[in-house]
Number of protein chains: 2
Amino acid sequence: MAVVSHRFVKGAILGRIQSGEWGLGDLIPAETDLAVHYGCARATVNRALRELAEEGLVLRKRKGGTRVRQMPVRQAKLAIPVIREQIESAGAVYRHHTITREVRVPDEVSRKKLNLREDISAAYIETLHLADNAPYAFERRWVNVDAIPDFLNVDLAAVSANEWLVRSVPFSLGSLSFCAIKADALIAKSLGCAVDAAIFSMNRTTWLDDRLITDMELLFREGYILQSVL
Amino acid sequence: MAVVSHRFVKGAILGRIQSGEWGLGDLIPAETDLAVHYGCARATVNRALRELAEEGLVLRKRKGGTRVRQMPVRQAKLAIPVIREQIESAGAVYRHHTITREVRVPDEVSRKKLNLREDISAAYIETLHLADNAPYAFERRWVNVDAIPDFLNVDLAAVSANEWLVRSVPFSLGSLSFCAIKADALIAKSLGCAVDAAIFSMNRTTWLDDRLITDMELLFREGYILQSVL
DNA sequence: TCAGATATTATGTATGCACATATTATCACG
DNA sequence: CGTGATAATATGTGCATACATAATATCTGA
């Protein structure tokens with residue numbers, strides 16, 4: 001007897017949804033019925049449906065049954081690039097250059113973002129990332145050295161601040177946002193573009209437990225495109 | 001005896017990784033050992049570890065065991081917003097206005113993107129999305145009416161093209177990209193911003209099976225920020 | 001010593017069962 | 001006619017077991 005895998009069941013159900021057999025909002029058969037239909041255990045159907053629910057195609061409720069989502073939650077998975085890997089995977093040579101590195105008490109705006117006391121200083125770093133010696137992205141970052149004192153001793157010539165932090169303070173939570181901004185004089189000079197060029201900006205804050213670790217702004221070269229998959 | 005859920009095990013393992021007990025790249029105990037340690041079945045540990053692997057924190061290989069990822073794949077989940085919901089959830093009144101709607105043979109650039117034969121025409125729609133009567137986003141879209149003939153009869157005053165398509169042609173694949181562009185005269189006029197303003201652009205193509213359904217460009221008002229969660 | 005066959009092992013997953021839980025449907029009672 | 005208690009039900013999840021599979025480790029023979 002051939003085994004019926006959860007992949008098969010998942011694919012079969014997906015097909016029946018896509019073909020329109022089960023329309024938008026429709027209730028689909030119960031796990032037990034599907035298990036009988038496909039000749040497998042309920043646990044197998046459960047896993048198939050659970051994965052479909054995670055992917056946003058189907059909505060499940062106890063006692064309420066499973067139904068096809070009216071407005072599927074299209075969630076794009078977007079792999080946050082480690083810049084070096086992104087550049088190297090495109091076949092270019094990665095290099096980075098630390099422009100500024102200092103420890104000081106942040107100005108009030110940054111201090112509020114960092115959620116620091118007034119008398120605590122933090123590290124400020126500006127880095128230029130290059131692909132084949134051409135500017136690729138300009139990075140501005142505050143690091144909470146009160147939480148991560150080791151950061152003060154890092155050799156930023158060997159490894160970029162971003163990469164060191166990813167390796168050393170992993171698995172932290174954070175938020176991520178994207179926007180478009182006009183290049184000011186500093187950005188234009190760093191990225192080698194015109195003042196007022198449209199620049200793609202990525203902002204990221206990283207928390208470990210309740211402490212903000214770092215707040216970063218990454219400004220990509222003109223024409224940069226962020227790709228994602230649905 | 002209290003049951004030990006996969007959530008508990010997952011959290012416990014996560015804690016031991018975050019605390020540094022298991023460092024980057026380290027091999028963590030086998031499922032059977034963890035099952036004994038936490039007093040639960042191997043299936044429970046399996047689910048916990050499988051989910052951690054899906055989230056990119058851990059790398060699993062048959063016979064090779066499970067190890068903490070050196071460079072965690074930070075994947076942001078990015079909920080693609082249906083614009084109306086995005087605006088309404090911010091407490092504003094949504095309204096949309098169809099600027100252009102025509103059926104014609106696309107120019108060569110669009111035709112290639114749409115992957116259509118030379119003699120096939122497609123629908124072109126320009127829509128302005130408004131929040132509290134202020135421009136929110138400007139949408140340009142081609143729809144393959146050869147694949148979706150019903151689209152020709154849709155009342156775009158009642159429901160936007162985007163929303164109709166999401167409701168009617170669900171569960172399709174596609175690609176998604178983001179970039180920053182400078183506003184040209186048309187965009188500036190539509191969005192009520194200055195020419196050369198930095199505009200956040202989202203491009204999306206949608207496929208059903210092997211047929212391209214629609215190709216869309218969404219240009220957000222100046223200052224728009226796309227939020228994501230890690 | 002080295003290549004190829006073989007054994008070992010950790011994860012992958014299907015199954016049957018039991019029970020938990022949330023929600024809906026039903027029913028009894030004022 | 002409502003309203004609150006109660007029953008029914010679909011999903012959620014844990015457990016023990018069995019076997020599959022991929023990758024590594026070991027052994028064997030030239």
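Letters go in sequence order (proteins before strands), and every chain restarts at 1.
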Candidates dG12(C), dT8(C), dT15(C) - which lies nearest the side chain of Ala41(A): dT15(C)

Are any of the side-chain nitrogens in Glu55(A) or Arg69(A) under 4.0 Å away from the carboxylate oxygens of its partner? no

Go through dT15(C), dA22(C), dA10(C) for me and flag the one nearest to the Cys40(A) side chain. dT15(C)

From the options Leu116(B), Val143(B), Leu114(B), select the one residue that forms a side-chain contact (heavy atoms from CB on, under 4.5 Å) with Leu212(B). Leu114(B)

Heavy-atom nearest nucleotide on DNA chain D taken for Arg47(B) and for Arg42(B); more 5' hit belongs to Arg47(B)

On the nucleotide dT15(C), are OP1 or OP2 found under 4.0 Å from the side-chain N or O atoms that Thr44(A) carries? yes

Nearest-angstrom distance from the residue atom NZ of Lys63(A) to C1' of dA20(C): 16 Å

Could I get the full list of salt bridge (charged side-chain N to carboxylate O under 4.0 Å, His left out) partners for Lys113(B), not counting sequence neighbours? Asp215(B)

Along DNA chain D, first and last positions that approach a heavy atom of chain A under 4.0 Å: dA8(D) to dT13(D)

Do the side chain of Thr214(B) and the main chain of Trp142(B) share a donor and acceptor less than 3.5 angstrom apart? yes

Sugar-phosphate only, base, or nothing, as touched by Ala43(A) at under 4.0 Å among non-hydrogen atoms: base

Hey, which of these two, His6(A) or Leu49(B), hits DNA chain C nearer its 5' end, going by closest nucleotide? Leu49(B)

Whole-Å distance separating the CG atom of Leu34(B) from the C1' atom of dT11(C): 12 Å

Is Thr66(B) close enough to dA10(C) that one of its side-chain N or O atoms is under 4.0 Å from OP1 or OP2 there? no

Have a look at Arg7(B) and say if it touches a base, only the backbone sugar-phosphate, or nothing, with a 4.0 Å heavy-atom cut-off. sugar-phosphate

Can the ring centroids of Phe220(B) and Phe138(B) be said to lie less than 6.0 angstrom from one another? no

Taking Gly23(B)'s backbone N and O only, do any of them form a donor-acceptor pair with Asp26(B)'s side chain (distance below 3.5 Å, no angle check)? yes

Using a 3.5 Å distance criterion without hydrogens, assess whether the side chain of Asn144(B) forms a donor-acceptor pair with backbone atoms of Asp146(B). yes

When you measure from the side-chain N and O atoms of Arg60(B) to the phosphate of dG12(C), is any distance below 4.0 Å, counting only OP1 and OP2? yes

Sugar-phosphate only, base, or nothing, as touched by Gly65(A) at under 4.0 Å among non-hydrogen atoms: sugar-phosphate

